[in-house]
Amino acid sequence: KSIWVSIDVIGIAKYKQHAWNKIPLTAGIDITSMVQIPASRKIVFGTYNHGIIGYDKPILTNTPVASLYYNQAGLFAGTLRRGSFKIDGEGKSVFPSGTPDLDVNGITSFGDSIILATHRGLYIIEGACVKYYAKKVLGYPVSLSCPIVINRSVYVTGMMAGLMKLEGDSLAQVGPEKLNRSTVYVMRQLAPLEYVV
């Protein structure tokens, strides 16, 4: 019944009953992502310059957090240039191990798999096995964001590549043709069988 909006430098503002109210915890902070922890109903924020805030103490301070995702296994954070982390106490690296400079723009899961949308392509982590998929334009991998699973299929949005679906070993463009050369940042489910990009 309310809309939360992230605004650079200003922080989070909440719109409810035709009025805007700032969330004091976020004042003056660049918020990149937010997620609600169901058990506590607490809202946790990923930030560009302050790590993760909303817990009892900041986590991953001085690490630009690009995305947050919560499932039954816990809270995961995608960062700029430092891969992804599972937040457990101070946070521990999930992937990549020993691979620096990876931007993780979006995270989701399906079953026991963790799905990462990165600036190099799509990674699906199944236990110790890591699968990699990329859509290339002019020989370079497309930067991906916002992975989502619909009817057991993985969809992902891309920089200047619209909306894609993982089909076999490749990412194929789907959706309206006018999106094919567009940058799509976010895809969300609004209702059963209803999505917005």
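In what follows, every heavy atom counts, from backbone to side chain, and hydrogens, waters and symmetry copies are set aside. Just so you know, residue 1 is the first one in the sequence shown, and it goes up from there.
- Between the CE atom of Met187 and the OG1 atom of Thr108 there is a distance of 11.5 Å, given to the nearest 0.5 Å.
- Remark: side-chain polar atoms of His119 are not paired, donor with acceptor, to backbone N or O of Ser143 under 3.5 angstrom.
- Remark: side-chain polar atoms of Ser170 are not paired, donor with acceptor, to backbone N or O of Leu166 under 3.5 angstrom.
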Decide side-chain contact (heavy atoms from CB on, under 4.5 Å) for Glu126 and Ile124; before the verdict, give the C-alpha distance in whole Å, the side-chain angles of both, and the deciding distance to 0.1 Å. CA-CA 6 Å; Glu126 299 171 342; Ile124 299 179; 3.9 Å; yes

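- With contacts defined as side-chain heavy-atom distances shorter than 4.5 Å, the pair Arg120/Asp101 qualifies.
- A tilted orientation is assigned to the rings of Tyr132 and Tyr123, their planes being inclined by 30° to 60°.
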Could you go through the side-chain contact (heavy atoms from CB on, under 4.5 Å) check for Val149 and Tyr155 one step at a time? CA-CA 6 Å; Val149 178; Tyr155 290 79; over 6 Å; no

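- Both Ile53 and Ile23 sit in one connected hydrophobic cluster of ILVMFWY residues. Membership requires side-chain heavy atoms under 4.5 Å apart, directly or through other members.
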Worked verdict on Ile12 versus Met34 for side-chain contact (heavy atoms from CB on, under 4.5 Å): CA-CA 10 Å; Ile12 297 287; Met34 61 182 126; 3.6 Å; yes

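- Just one residue in the list Leu80, Leu144, Thr79 forms a side chain to side chain contact (heavy atoms under 4.5 Å, CB included) with Asn105, and that residue is Leu80.
- Remark: side-chain polar atoms of Ser6 are paired, donor with acceptor, to backbone N or O of Ile31 under 3.5 angstrom.
- Hydrophobic clustering, with ILVMFWY side chains joined whenever heavy atoms are under 4.5 angstrom apart, groups Phe76 together with Val130.
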For a side-chain contact (heavy atoms from CB on, under 4.5 Å) check, start with the C-alpha distance between Glu194 and Gln189, then their side-chain angles and the critical distance, and finish with the verdict. CA-CA 6 Å; Glu194 187 175 294; Gln189 184 173 11; over 6 Å; no

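- By the criterion of side-chain heavy atoms lying less than 4.5 angstrom apart, applied directly or through intervening Ile, Leu, Val, Met, Phe, Trp or Tyr residues, Tyr48 is not grouped with Val104; the two fall into different hydrophobic clusters.
- Residues Met164 and Ala161 come closest through the heavy atom pair CE-CB, 3.9 Å.
- Leu171 and Lys135 make their closest contact through O-CD, 3.6 Å (heavy atoms, listed as atom of the first residue, atom of the second, distance).
- Rounding to the nearest 0.5 Å gives a distance of 7.5 Å between CD1 of Ile52 and OG of Ser33.
- Between the side chain of Lys16 and the backbone N or O of Trp4 there is no donor-acceptor pair closer than 3.5 Å.
- Side-chain contact, Ser2 with Tyr15: no donor N or O sits under 3.5 Å from an acceptor N or O.
- Counting only distance, with no hydrogens or angles, the side chain of Asp30 and the backbone of Thr47 share no donor-acceptor pair below 3.5 Å.
- The number of heavy-atom neighbours closer than 6.0 Å to NZ of Lys131, taken from other residues, nucleotides and ligands shown, is 12 or below.
- What you find for Pro147 and Ala117 is that their closest heavy atoms are CD-CB, 3.6 Å.
- The minimum heavy-atom distance between Gly168 and Tyr133, with the atom names listed, is O-CE2, 3.9 Å.
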Go through it in stages, so that I can follow the logic: the residues are Ser109 and Asn71, the test is side chain to side chain donor-acceptor pair (under 3.5 Å), and I'd like the CA-CA distance, side-chain angles, deciding distance and then a yes or no. CA-CA 8 Å; Ser109 65; Asn71 68 7; 3.0 Å; yes

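- Nearest heavy-atom pair, Gly111 versus Gln72, reported as atom, atom and distance to 0.1 Å: O-NE2, 4.4 Å.
- A donor-acceptor pair is defined here as one N or O able to donate and one able to accept, closer than 3.5 Å; no such pair exists between the side chain of Ser84 and the backbone of Ala77.
- Within 6.0 Å of the OH atom in Tyr185, the count of heavy atoms belonging to other residues, nucleotides or ligands does not exceed 12.
- Across Val65 and Gly46, no two heavy atoms sit closer than the pair CG1-CA, 3.8 Å.
- Summarising the geometry, atom CG belonging to Asn21 is positioned 7.0 Å from atom NZ belonging to Lys14; distances are rounded to the nearest 0.5 Å.
- With hydrophobic clusters built from ILVMFWY side chains whose heavy atoms lie under 4.5 angstrom apart, Leu179 shares a cluster with Ile150.
- Between Leu116 atom CG and Ile125 atom CD1 the span is 4.5 Å, to the nearest 0.5 Å.
- Ile148 and Ile107 fall into different hydrophobic clusters, defined by Ile, Leu, Val, Met, Phe, Trp and Tyr side-chain heavy atoms under 4.5 Å apart, directly or through other members.
- Distance alone, capped at 3.5 Å, is enough to place a donor-acceptor pair between the Gln173 side chain and the Asn180 backbone.
- In Leu190, the CG atom is crowded: over 12 heavy atoms of neighbouring residues, nucleotides or ligands sit closer than 6.0 Å.
- The backbone N or O of Gly11 lies less than 3.5 Å from no partner atom in the side chain of Thr26, so there is not a single donor-acceptor pair.
- In this structure, Gln17 places its CD atom where only 12 or fewer heavy-atom neighbours from other residues, nucleotides or ligands lie under 6.0 Å away.
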